[in-house]
Number of protein chains: 2
Amino acid sequence: MLKITRKVEYALIALRHMQQSPNNSVSSASQIASKYGIPQHLLAKILQQMTRDGLIQAVKGPTGGYKIKADLKKISLKDFFEKLEGPLGLMDCYFNTDCLQMKACNILSPIQKINQNMRDMFSKTTLLEITQ
Amino acid sequence: MLKITRKVEYALIALRHMQQSPNNSVSSASQIASKYGIPQHLLAKILQQMTRDGLIQAVKGPTGGYKIKADLKKISLKDFFEKLEGPLGLMDCYFNTDCLQMKACNILSPIQKINQNMRDMFSKTTLLEITQ
DNA sequence: GTATATACGACAATTTTAATCGTATATAAA
DNA sequence: TTTATATACGATTAAAATTGTCGTATATAC
Ligand code: FES
Ligand code: FES
């Protein structure tokens with residue numbers, strides 16, 4: 001539990017790779033995939049999503065690839081996580097309402113506090129801090 | 001991602017229930033299960049584990065049940081989580097070594113920092129703060 | 001034209017989590 | 001001493017989430 005997904009892991013690896021790319025030149029999905037041992041097609045899909053999210057920019061065709069588009073110091077880790085995986089919360093009770101199985105849940109408000117702490121923590125960290 | 005498990009959720013609910021039990025009288029697994037809509041047998045197993053962990057005390061036989069044994073303000077949320085679910089980490093790379101698929105992982109040290117932040121956060125919170 | 005790259009959706013495999021089942025033991029109460 | 005209720009624990013199954021694959025379309029440098 002309390003794990004990040006491979007998807008986020010791969011996204012971070014790719015971002016950091018691009019960040020270190022000289023002169024912000026493009027890196028192709030297959031270059032990155034083979035360097036870090038990531039399934040090529042899977043990485044491609046993740047990069048495509050990050051493109052839609054405006055984090056990176058795609059260049060099509062041969063010699064194409066991806067490069068960083070957004071200002072990473074303006075994006076919090078929380079926003080990044082939520083772009084990739086949706087709302088951040090320790091439990092699902094806050095997003096879907098079908099947890100009424102718990103007729104009288106007694107831990108909702110305590111968990112809310114922890115939840116807020118976690119969100120605060122990830123809000124204070126920028127993507128740049130991670131990738132540089 | 002970054003979710004706690006039902007197991008932990010159920011454990012917290014049960015602990016809080018016991019905490020609120022007058023005079024620290026015992027509560028049976030089935031009482032708690034039916035009150036909060038938790039699968040009985042599943043809750044029982046969790047309570048048994050908490051008993052082995054020294055968090056609560058079991059009383060066998062009819063009129064039996066469980067009551068709190070440990071001093072909850074001396075137990076951090078981190079210790080509690082790790083008792084139930086094992087070592088706490090954002091990724092598995094720190095515990096098992098078969099992530100060498102990543103021939104040249106470039107995010108290990110950045111992730112370590114976030115990891116440490118998370119561990120610190122859960123270390124500073126006591127179980128009592130959650131259950132009371 | 002051809003090779004290489006992104007784009008995208010459908011599908012399958014794997015792993016993890018959640019829940020169930022069966023049986024044994026302890027003990028309070030009738 | 002019998003019975004009902006409760007904990008104890010391992011094996012197994014079911015469900016859900018994650019991870020990975022495949023097929024096809026489109027763009028573009030050479
Ligand atoms: S409401 Fe979902 S566990 Fe409390
Ligand atoms: S080592 Fe496992 S992802 Fe970097």
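Lettering of chains follows the sequences in order, A, B, ..., and the numbering in each one begins at 1. Below, each value reflects all heavy atoms present in this structure, side chains not excepted, and no hydrogens, waters or symmetry copies.
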Note to self: Donor-acceptor check, side chain of B/Lys67 to backbone of B/Ile56, threshold 3.5 angstrom: yes or no?
What the structure shows: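 Here the side-chain-to-backbone pair does not exist.
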The side chain of [X] lies closest to which of these nucleotides: [options]?
X: B/His41; options: D/dG23, D/dA8, D/dT7; answer: D/dA8
X: A/Pro62; options: C/dA29, C/dA3, C/dA19; answer: C/dA3
X: A/Leu42; options: D/dT18, C/dT20, D/dT21; answer: D/dT21
X: B/Ser28; options: C/dT20, D/dT7, D/dT19; answer: D/dT7

Item checked: Who pairs with D/dG10 - Watson-Crick or G-U, where each distance is under 3.5 Å ->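 Per the H-bond distance test, C/dC21.
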Could you tell me whether the phosphate oxygens of [N], OP1 or OP2, come under 4.0 Å of any side-chain nitrogen or oxygen in [X]?
X: B/Arg52; N: D/dC9; value: yes
X: A/Tyr10; N: D/dT19; value: no
X: B/Tyr66; N: D/dA6; value: no

Notebook entry, point to check: What about B/Lys45: does its side chain form a donor-acceptor pair under 3.5 Å with the base of C/dT20?
Noted result: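 Yes.
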Next item on the list: Tell whether B/Lys3 reaches the base of C/dT16 with its side chain through a donor-acceptor pair below 3.5 angstrom.
Entry: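 When only heavy-atom distances are counted, B/Lys3 does not reach the base of C/dT16 through any donor-acceptor pair under 3.5 Å.
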Item checked: Flag side-chain contact, heavy atom, 4.5 Å: B/Leu47 against B/Met50 ->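 Yes, at least one pair of side-chain atoms sits under 4.5 Å.
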Margin query: So that I can tick it off, tell me whether A/Glu85 and B/Lys3 are bridged by a salt bridge, with the cut-off set at under 4.0 angstrom between side-chain N and carboxylate O.
Written below: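 No, no charged N to carboxylate O under 4.0 Å.
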